[in-house]
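On a predicted model such as this, the values are computed, not experimentally measured, just so you know. When reading the values below, keep in mind they use all heavy atoms of this one structure, side chains included, and skip hydrogens, waters and symmetry mates. Residue numbering restarts at 1 for every chain, and letters A, B, ... go by the order of the sequence lines.
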Amino acid sequence: MEPSKAPEAFLRPYNPAEQEPRMLELWEDSGYANPDVCVEKGVIEPDAEPYSIVLPPPNVTGTLHMGHAAMLAIEDILIRYHRMRGYKTLWLPGTDSAAIATQSKVETDIYKKEKKTRHDLGREELLKRIEQFTDESKATIINQTKKMGSSLDWSRYAYTMDEERYAAVMEAFVRMYDAGLIYRGDRIVNWDPKLQTTVSDDEIEHVEQKDPFFHFKYGPFDIGTVRPETKFVDKYVVMHPEDERYAQYKHGQTIEVEWINGPITATIIKDKAADMSFGSGVMTITPAHSAIDFEIAQRHGLDMERVIDDRGILLPIAGEFAGMHIKKARALIVDKLKAKGLIAKVDEGYMHNVATNSRGGGIIEPQIKRQWFIAVNKKAKFPDGKTRTLKEWMRHAVESGEVGIMPERFEKIYYHWIDNLRDWCISRQIWFGHRIPAWFKDDEVKVQAGSPGEGWEQDPDTLDTWFSSGLWTFSTLGWPDDTHDMKTYHPTSVLETGYDILFFWVARMVLMSGFLLGEVPFRKVYLHGLVRDGSGRKMSKSLGNIIDPLTMVEKYGADAARLSLVIGASMGNDVKLSEDRVRGYKHFGNKVWNIARFVLENQQDPRGPSSGRPEDGPLGEEDRLLIVEAHTVAKQVSEHIDRFRLDLAADQVYHFVWDRFAAEILESSKPILKGDDAAARQGRAAALSEILGISLKILHPFMPFVTEAIWQQLPQKESDLLMVAKWPV
RNA sequence: GCACCCUUAGCUCAGCUGGUUAGAGCGUUCGAUUCACAUUCGAAAGGUCAUAGGUUCGAAUCCUAUAGGGUGCACCA
């Protein structure tokens, strides 16, 4: 008797490196990632319910990291699952220009190689260099994204700086300006002296630092500071109105004090911002260089004099220290105060937090500047006819349940962020980005997309990168035109991203979509955790603990890499990833491959081949029960996915396939398949191939490659690609 | 400082609305192997569920406090 054989293509072990590129090609050629093609080819009903996700666009500055890989895996699972369930499914790809990050990277590179600054090159030349860089970088990241098996519709690819998106940004700005929500004003902003630009509140990172803390004698008061260089013009003494210790001083009262550059007339200000429990409870203020001091000064109508210029150099008001950089001046000022006997004491080693620009910039110096802002507390008329503020809208969108955030605990954080939100500074002094559509001629200002004509000059500033990102769910669908895609796919079904980006992005999309469209940008926000190394540390270059997703794909296959990022990753919690885990899931891929080999071999049993179709085979009672069991598992998997518990869904498929299907069902089938009862043999073979089919389907969203590769070997299949096969219901 | 999360086997984590002897993967130890499986199979060892109280017939699960770890926000002169 001839031993049965698996089809030729079933070489073992399963080799992802060989199969994956072939599957990618099959998928790409099919065009099924494009819902229009699916409808055209009849795999999806024309009136099917839409399901859409817009990919959070990776920055063009770099290459794919594990965080991206996790995002791609999760979204692809949702997308493939819904496509198989018959939804008109769109997953829209894009890349982000990441203005500040990109420009500063290119600038750094140029300076390293050519010792030239952007001012040496000029605006036009720098933009040209940036474009070169982003073109290359874009190609890399797109290529890497594809390798993960992401079934994105590349025919709809968008880039934040392309023409359509640029037009959308201009339109949005003009509309918001006309509605009075965008204004130009002099307010205190976060100034980065290194990158020479403003930075938004959210891009600031507080870094712990040790500095000496000085106690100065300011007349009868003890004043503390770590920044003596800002103190030249301090002529207001602020204390809490209920502070008993200073009850003898009256608000508005003036006193003469000896100070750095001679005597000064100080005014007493009573304000609740002073913390009675901190130090002496008394402080002097520098409104031009501190957000809190600025607010106090605003409340009381006080003078706000600048002491430090944009480069961090002391202005003439500093007297003998004028023209000096603050870093240098600090020690000299302290020396002088010491000489004058104005230092009460110094605490060395005072730990405090310093604001830095998280986008690779320097230490933030608050400055008062004329910038463009979005007013978050101003009422405006929304497209739905209601009048409200942006803040009210953002709160409403989540409170009403129109947007659901998962895990739910992040809703609290979202509200907290909104409550503390101040007017959003959207102008930047960098060159790479969307130009502000404001035009100046003498004292006149016009806000419109194109030039108003001769003699008008455009604002040299560009927009905060998050401004254009806020439009992303609809600028990618053709807005401001009333396109078919807009009508079909907006609001999108899910926005899936890391929880670290909730404020930067999610809240701003809600804001923009609400005001410009009168609707939410997405129904659900699903937040995944961060990918950390095996011992829970953040992956970083300096720690040398980076696991590169592409290396994992090469070594173990994309299926294994995807599974390792999904199983054990409950929503909102961080995932610890080690190479061992990825390797473990490669074994699983091989297991699935071999299960298929076995099932197919037995279909080709020379003693009486089964058709492999259950309706043709004489299914016994047990065969039927086994099939029912597989359907039950499929149903549970669906329920898990519907509840966004992808970790549980993946875990369940994994265990069903390995422990139940392979270890028990196949093992117990062996005697039957080898037995002499032809009817029993046929029935069981048919049942096994049915269970294999169901297993491949429910496994496909998680491990698209190996399952599709097996599907291609099936002697008869209900659809040309597993990618568009019907999900078992 | 305020808020949130975590603490379960050597390691990484499940265990959701309280209900038999607390589970998985990896690792360890022992054994099997002409078999779809070089990546296989079977078995074993291993846990005061951070600690202390409370609610309950019953708590890993709910409540309170404490300790340790993490994150976000706010920063203070």
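- With sequence neighbours excluded, the residues that form a side chain to side chain contact (heavy atoms under 4.5 Å, CB included) with H65(A) are H68(A).
- Side-chain proximity of R643(A) to U39(B), C16(B), U71(B): nearest is C16(B).
- Note that OH of Y249(A) and CD1 of I255(A) are 6.0 Å apart. Values are rounded to the nearest 0.5 Å.
- Aromatic ring centres of Y585(A) and F702(A) lie farther apart than the 6.0 Å criterion allows.
- Under a 4.0 Å N-O distance rule, the pair D419(A)/R395(A) qualifies as a salt bridge.
- Considering only side-chain N and O atoms, R645(A) lies under 4.0 angstrom from the phosphate OP1 or OP2 of G15(B).
- Among the atoms of the strands shown, only primed sugar atoms or phosphate atoms (P, OP1, OP2) are found under 4.0 Å from some heavy atom of Y350(A).
- Atom C1' of nucleotide C37(B) and atom CZ of F588(A) are separated by 13 Å, given to the nearest angstrom.
- Here the nucleotide nearest the side chain of H206(A), chosen from A74(B), A77(B), C4(B), is A74(B).
- Taking 4.5 Å as the limit, every side-chain heavy atom of V237(A) sits out of range of all side-chain heavy atoms of I269(A).
- Remark: RNA chain B forms stems of 3 or more consecutive Watson-Crick or G-U wobble pairs, all pair distances under 3.5 Å, at B:1-7 with B:67-73, B:10-13 with B:23-26, B:28-32 with B:40-44, B:50-54 with B:62-66.
- Residues satisfying the ring-ring contact (aromatic ring centres under 6.0 Å, His included) criterion with H352(A), sequence neighbours excluded, are Y350(A).
- Picking from A77(B), C4(B), U39(B) the nucleotide with the shortest atom distance to the side chain of K412(A) gives C4(B).
- Atom C1' of U28(B) sits at a distance of 30 Å from the matching atom of G70(B), rounded to the whole Å.
- For H215(A), the ring-ring contact (aromatic ring centres under 6.0 Å, His included) partners two or more places apart in sequence, or in a different chain, are F213(A).
- No hydrogens or angles were tested; on distance alone, a donor-acceptor pair under 3.5 Å links the side chain of K670(A) to the base of A36(B).
- For the C1' atoms, the distance from G58(B) to A22(B) is 15 Å, rounded to whole Å.
- Atom C1' of A67(B) sits at a distance of 15 Å from the matching atom of G53(B), rounded to the whole Å.
- Distance CG (D647(A)) to P (G15(B)): 7 Å, rounded to an integer number of Å.
- Minimum atom distance to the side chain of H352(A) is reached by A77(B), of the listed A36(B), A77(B), G72(B).
- Take T707(A) and apply the side chain to side chain contact (heavy atoms under 4.5 Å, CB included) test, not counting sequence neighbours, and it matches L696(A), L699(A), H700(A), L722(A).
- In this pair, Y14(A) and W593(A) present their aromatic rings tilted. The plane angle is within the 30 to 60° band.
- Across all strands shown, I292(A) has heavy atoms under 4.0 Å from sugar-phosphate atoms exclusively, and none from any base.
- Using a 4.0 Å heavy-atom distance criterion, R583(A) is classed as making no nucleic acid contact.
- Residue contacts for V282(A): at a heavy-atom cut-off of 4.0 Å it reaches no nucleic acid atom on any strand shown.
- The distance from atom CG of L600(A) to atom CD1 of I710(A), rounded to the nearest 0.5 Å, is 8.5 Å.
- Within the 4.0 angstrom heavy-atom criterion, no nucleotide atom of any strand lies near A596(A).
- Going from the C1' atom of U29(B) to that of G46(B) covers 11 Å, rounded to whole Å.
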Distances under 3.5 Å between protein N/O atoms and the N/O atoms of nucleotides 41-43 of chain B, please, pair by pair.
{"unit_1": "C41(B)", "atom_1": "OP1", "unit_2": "W658(A)", "atom_2": "NE1", "d": "2.6"}

